[in-house]
J.: 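Can you read through this structure? Questions will come right after.
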Number of protein chains: 2
Amino acid sequence: MMSIKAYIQHHVDSHFDGELPFPTIHRKVKKGTILTDFGQLETKVYFIKKGIIQVEIESPKELRVLDFFFENGFCASYSSLLSGKASDVSLKAVADSELEVISYADLQQAYQHSLIANKLGRIATERLYARRVLREKLLFTENAQENYLFLTSTYPEFIQYIPLKDIARYLGITPESLSRIRKNITS
Amino acid sequence: MMSIKAYIQHHVDSHFDGELPFPTIHRKVKKGTILTDFGQLETKVYFIKKGIIQVEIESPKELRVLDFFFENGFCASYSSLLSGKASDVSLKAVADSELEVISYADLQQAYQHSLIANKLGRIATERLYARRVLREKLLFTENAQENYLFLTSTYPEFIQYIPLKDIARYLGITPESLSRIRKNITS
């Protein structure tokens, strides 16, 4: 189980001494726990040591799954963090999860003077951004089967923990279409 | 016309002394210039002092407009930069443009030790990320008229310089649908 310290040593600076430039709190949450709700101001950043966080958005027609965040990465309602406005998404644990929690106020203070905090923030955001671009390209290809194959190969744990109906909502297709795709692939 | 120095003073650190932690080159390009082509490895980051850069992607069916970058912001084929792989997008100036060019090798060197370089990288990426999330949410709402209104209100220069057929390709609709939307709005 990776910690923020190990994440920094692995992705940011192999010589990192282990002294985090901000305090963190360890938190265990049960499956189904809402970390950030619609309309709430985001004040935290979460590092997922274990578990999966699902991001939902209310579209005019339905609730859509906008994103999933997995182990060994950061998550938050970033648009709320960065804009200072109420969140238009909710973050929900879809498996029992263990989190390392940073208060955004503490993080911003660390950003003032700490090289390692800025390196971490930069690299974590770059990684999120790269993932986002990839996802957007997949949306553009409009090929649900390719998107599904990408998801299952990148995140083998994906299909294991997430109800098929939520995967379908993420891909923007009906559960029936997803069943057909799965049958296609395995046959 | 904003420079990287002014960008840092405005968005990153108002006390910035003006000494950039990496060399930059000033470059003027004509409308239609390809900055980065499909299959090319991205080695530069561009700050747009003036002009518009269009990002295109080859989807199985057609060439799609993935994104536009405007004045006073950074652009690059980020997925190529961050992955070290050949670019699957092209960057094209769609207006005569003035750029401040940073070599990615120089930027990476500055990232080793420079607090201001890391602050700049973090904040520029955060801003790109926030824009991306917003765009993805708009794609999810699947309402071309709202997307169009968002674009034109956020970027009033948008409709002025960009051919309608490219705006339509960006919104993922036909030029005829875009004409109907424009008629709807003005009537």
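In this text, all values refer to a predicted model and were calculated from it rather than measured experimentally. So you know, we letter chains A, B, ... as the sequences are listed, proteins then strands, and number each from 1. Computed over heavy atoms, backbone and side chain alike; hydrogens, waters and symmetry mates excluded.
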J.: Is any residue of residues 16-46 of chain A within less than 4.5 Å of chain B by heavy atoms, and which ones?
T.: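 The stretch does not come within 4.5 Å of chain B.
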J.: Please state whether the side chain, the backbone, both or neither of S79(B) comes within less than 4.5 Å of a heavy atom of chain A.
T.: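 Side chain of S79(B) only, per the 4.5 Å heavy-atom cut-off to chain A.
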J.: So if I apply the side chain to side chain contact (heavy atoms under 4.5 Å, CB included) rule between R122(A) and each of I123(B), N118(B), L120(B), which one comes out positive?
T.: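 Of the listed residues I123(B), N118(B), L120(B), the side chain to side chain contact (heavy atoms under 4.5 Å, CB included) partner of R122(A) is N118(B).
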J.: Which residues pass the side-chain contact (heavy atoms from CB on, under 4.5 Å) test with A130(A), not counting sequence neighbours?
T.: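 In terms of side-chain contact (heavy atoms from CB on, under 4.5 Å), with neighbours along the sequence ignored, A130(A) is linked to L82(B).
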J.: Is the number of heavy atoms from other residues, nucleotides or ligands under 6.0 Å of Q109(A) CD greater than 12?
T.: no
J.: Measure across Q112(B) and L115(A) and return the closest heavy-atom pair with its distance rounded to 0.1 Å.
T.: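 Result for this residue pair: O-CD2, 4.0 Å.
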J.: Please state whether the side chain, the backbone, both or neither of S83(B) comes within less than 4.5 Å of a heavy atom of chain A.
T.: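 Contact with chain A involves no heavy atom of S83(B) at all.
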J.: Hey, are the side chains of L128(B) and Y129(A) touching, using non-hydrogen atoms and a 4.5 Å cut-off?
T.: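 Contact flag for L128(B)/Y129(A) side chains = yes.
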J.: For the pair K119(B) (side chain) and H113(A) (backbone), establish whether a donor and an acceptor sit closer than 3.5 Å, ignoring hydrogens and angles.
T.: no
J.: Name the region of D88(B), side chain, backbone, both or neither, that has any atom closer than 4.5 Å to a heavy atom of chain A.
T.: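 Answer is side chain: those atoms of D88(B) sit under 4.5 Å from chain A.
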